[in-house]
Amino acid sequence: MTKTFDCIIIGAGHAGIEAALATSRMGCLTLLVTMQMDTIGLMSCNPAIGGVGKGQLVKEIDALGGEMAKAADTTAIQYRRLNMSKGRAVRSSRVQSDRVAYKLYIKSILEKQRNLFLKQAEVLEILIDGNAVKGVKTNLNEEIFAKTVVITPGTFLNGLIHIGLTHFPGGRIGEPASINLSQNLKELGFRIMRFKTGTCARLDGRTIKFSKLEIQPPDKNPVPFSFTTMKTIRKQLPCYITYTNQKTHEIIKTGLDRSPLYTGIIKATGVRYCPSIEDKVVKFSDKERHQIFLEPEGRNSFEYYPNGLSTSLPIDIQLKMLHSIKGLEEVVITRPGYGIEHDVVDPTELYPTLETKRIKNLFLAGQINGTTGYEEAASQGLIAGINAALRVKHKQGLILERSQAYIGVLIDDLTTKGTNEPYRMFTSRVEYRLILREDNADLRLSKIGFELGLLTKERFKKVLKKSQEIDAELKRIKKTRIFPTAKVNRYLLRYKSSALKNATTLEDLLKRPEISYEMLKKLNHSNKRICQDTALQVEIQTKYSGFIERQLSEIERFRKIEQIKVPPDIDYTTIAGLSREIKEKLIKFSPLTLGQASRISGVTPAALSILMVYLKSRQFMDSPKAET
């Protein structure tokens with residue numbers, strides 16, 4: 001193996017996988033270093049991809065040329081669309097995956113990838129030349145050199161596992177923590193924080209009384225995650241629902257004196273939006289029960305994941321707690337639940353490209369940046385990998401705007417606001433969620449993926465064709481009129497839609513909430529040549545046209561300040577009118593644009609006005625006209 005690479009990726013979790021595939025697919029000679037080859041792509045927590053807000057991220061990864069959506073479809077055992085009773089803006093996809101099959105699929109994809117080498121070793125140190133990265137040093141006492149390095153260590157960075165009052169170093173149960181790399185990052189001057197996450201016990205499905213449980217069936221007509229998936233799985237598996245009860249809660253309370261969370265042993269900040277069961281019982285004491293989803297780990301596995309029972313309680317309390325729950329009276333634990341503390345680098349130390357401000361050509365992605373979740377990690381890994389490759393090619397970095405993608409919101413939130421708790425993506429974080437839907441991710445982002453070399457010409461042509469068909473059909477329904485015949489009005493009344501009194505356009509008819517594009521077919525007014533996906537886009541864009549136009553107008557106003565660049569050499573201390581506190585924040589965060597500055601907590605509208613005036617005056621003074 002060569003000792004010099006274009007890119008070195010440290011860690012083979014969901015962030016490292018996308019980073020390594022992106023750099024190698026963009027033509028860069030890449031080395032992926034992992035402490036354990038057999039756990040590449042392992043789902044450490046629940047065996048599922050997607051969810052509310054997270055499904056949008058996965059669709060965007062796919063549209064840009066990433067792998068997560070394809071892996072989810074290939075290994076799926078159950079599909080569910082979430083928030084289907086709500087508006088289009090918040091509908092999300094979730095796939096239950098076969099945990100073992102997912103890992104094997106990912107490893108196979110990596111092994112077959114051109115330009116990509118895999119290596120089992122522990123990275124102890126980042127090698128620096130001046131203020132730029134030059135490679136890594138491993139536990140095998142070898143130095144490997146590279147033009148760029150991407151660190152994606154997940155929970156392994158100084159990881160500490162807790163089960164009751166027992167605690168020991170580990171990145172995942174049964175695997176060692178990365179201690180030396182964490183210390184090295186501290187020595188390099190990075191601001192280190194400490195976060196906590198956790199997982200549930202795994203249960204022996206042969207000891208679960210499923211007849212007592214409520215079944216959660218899969219979707220009858222599953223919608224695949226990847227825009228390239230033509231067929232979904234043959235037979236889906238059900239999940240099951242059960243609940244905790246007052247007895248469960250009392251058992252949990254008896255174990256709090258041995259809970260690392262409530263005895264002060266765990267000092268790190270946990271995931272507020274996904275609390276442990278002991279946290280739920282204490283903080284929501286008025287709740288009589290909490291819902292538990294029993295999710296199969298795979299087609300050929302008897303293990304089940306009790307989603308909703310994340311815990312770091314002692315094993316004896318975990319077992320008593322489980323035995324108090326309906327259907328789990330005799331359940332056997334195959335693997336205990338545990339909590340894990342790990343190191344995090346303050347994400348405000350990063351540019352929106354995910355390159356560190358301290359060290360050139362060094363990128364961070366995933367939980368090291370303070371996020372939680374496979375999807376958030378994979379999104380960052382993809383962007384970090386893309387930007388590492390672009391740096392090797394001496395090209396401008398990719399920064400997705402908040403108005404372009406959920407990924408843009410995720411990274412912008414982290415790099416401009418930072419986070420004081422593990423960050424999880426939600427639809428509520430996204431201002432323009434009606435425009436940034438799951439269903440149109442390919443239309444929004446495929447051009448970027450194609451230009452980067454991550455999408456094939458054939459795939460991009462299909463997206464272009466789809467876009468053209470949508471535009472053509474929108475124009476057709478805008479000018480095509482339908483008349484108030486007896487047949488038409490009988491049909492409308494049957495579906496509780498008011499009868500026509502005058503001729504109207506198909507566009508106006510489709511704007512009615514109760515009328516779908518499918519119904520236009522029955523009136524013989526649809527375009528039978530267009531596919532279902534195209535018809536869906538026509539329907540959505542027609543029904544939400546007013547709201548979409550309003551959001552596009554807001555985006556245009558937003559872009560005006562987003563396009564005002566802030567010079568990297570600006571001296572905020574010399575700007576009159578800014579308070580000392582605001583100057584300190586601007587120096588700390590180093591915003592690249594006025595838009596980024598506006599999102600820094602504590603930077604007031606008045607301060608922005610002062611900064612805008614200063615930037616305009618500086619632009620005038622620096623212009624050739626001013627010099628003459």
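For clarity, every value in this text was computed on a predicted model and none was experimentally measured. Scope of the values below: all heavy atoms of this structure, side chains included, with no hydrogens, waters or symmetry mates.
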Among K54, R88, R81, which residue meets the salt bridge (Lys or Arg N to Asp or Glu O under 4.0 Å) test with E438? R81

For the residue pair D442 and K466, establish whether any side-chain heavy-atom pair is separated by less than 4.5 Å. yes

What are the two closest heavy atoms between H342 and V344, and how far apart are they? CE1-CG2, 3.7 Å

Show, in sequence, the C-alpha distance, side-chain angles and deciding distance for D316 and R258, and conclude whether the salt bridge (charged side-chain N to carboxylate O under 4.0 Å, His left out) test is met. CA-CA 11 Å; D316 61 308; R258 289 186 290 148; 2.8 Å; yes

Do Y304 and T334 come close enough that some side-chain heavy atom pair is under 4.5 Å? no

Could you tell me whether R94 and E295 make a salt bridge, using a distance below 4.0 angstrom between a side-chain N and a carboxylate O? yes

For the residue pair Q56 and S92, establish whether any side-chain heavy-atom pair is separated by less than 4.5 Å. yes

Does K326 count as lying over the ring of Y243, i.e. NZ or CZ under 6.0 Å from the six-ring centre, within 45 degrees of the axis? no

Indicate whether the side chain of T244 and that of R289 have a donor and an acceptor atom separated by less than 3.5 Å. no

Cation-aromatic face contact R99/Y305, 6.0 Å, 45 degrees: no

Using 4.0 Å as the upper bound for N to carboxylate O, is an ion pair formed by R202 and E303? no

Nearest heavy-atom pair of C200 and G308: which atoms, and what distance? SG-N, 4.2 Å

Indicate the atoms forming the closest heavy-atom contact of A201 with P306, along with that distance. O-CD, 2.8 Å

Is the shortest distance from a Lys or Arg side-chain nitrogen in E297 or R335 to a carboxylate oxygen in the other one below 4.0 Å? no

Given side-chain contact (heavy atoms from CB on, under 4.5 Å), test F227 with L443 step by step and report yes or no. CA-CA 11 Å; F227 291 101; L443 298 170; over 6 Å; no

Atom CD of E330 with >12 non-hydrogen neighbours under 6.0 angstrom: no

Is there side-chain contact between N158 and I192, with heavy atoms separated by less than 4.5 Å? no

Carboxylate-amine/guanidinium contact R444 E60, below 4.0 Å: yes

Distance (rounded to the nearest 0.5 Å) between F293 CZ and R80 CZ: 8.0 Å

Assess whether a salt bridge exists between D62 and R459, defined as any Lys/Arg side-chain N lying under 4.0 Å from an Asp/Glu carboxylate O. yes

Kindly say whether the aromatic ring centers of Y102 and Y374 come within a distance under 6.0 Å. no

Answer yes or no: does atom NZ of K209 have more than 12 heavy-atom neighbours from other residues, nucleotides or ligands under 6.0 Å? yes

Working to the nearest 0.5 Å, report the span between CZ of R437 and OG1 of T427. 14.0 Å

Heavy-atom distance under 4.5 Å between the side chains of P422 and T197, does that happen here? no

Would you find more than 12 non-hydrogen atoms of other residues, nucleotides or ligands less than 6.0 Å from K462 atom NZ? no

Minimum-distance pair of heavy atoms, taken over all atoms of V123 and L181: O-CB, 3.6 Å

Sorted by first residue and then second, give each ring-ring contact (aromatic ring centres under 6.0 Å, His included) pair with at least one member in residues 246-269; sequence neighbours left out. H249-H290

Look up atom CG in L434 and atom CD1 in I540, then write down how far apart they are to the nearest 0.5 Å. 9.0 Å

Contacts of type side chain to side chain contact (heavy atoms under 4.5 Å, CB included), residue P336, not counting sequence neighbours: I163, I173, I315, Q318

Measuring from atom CD of Q96 to atom CD1 of I49, what distance do you get when rounded to the nearest 0.5 angstrom? 10.0 Å

Would you say the side chain of V100 lies within less than 4.5 Å of the side chain of N300, judging by non-hydrogen atoms? no

Separation between OG of S97 and NZ of K103, rounded to the nearest 0.5 Å: 14.0 Å

Is it true that atom CD of E214 has more than 12 heavy atoms of other residues, nucleotides or ligands lying nearer than 6.0 Å? yes

Tell me whether the count of non-hydrogen atoms from other residues, nucleotides or ligands lying under 6.0 Å of CD in Q532 goes above 12. no

Looking just at side-chain N and O atoms, do D343 and S182 make a donor-acceptor pair shorter than 3.5 Å? yes

Going from OG1 on T269 to CD1 on I266, what distance comes out if it is rounded to the nearest 0.5 angstrom? 11.5 Å

In H162, H167, E278, the residue satisfying side-chain hydrogen bond (donor to acceptor under 3.5 Å, both in side chains) with S312 is E278

Heavy-atom side-chain contact between L319 and I333 under 4.5 Å: yes

Are any of the side-chain heavy atoms of L157 and L185 separated by less than 4.5 Å? yes

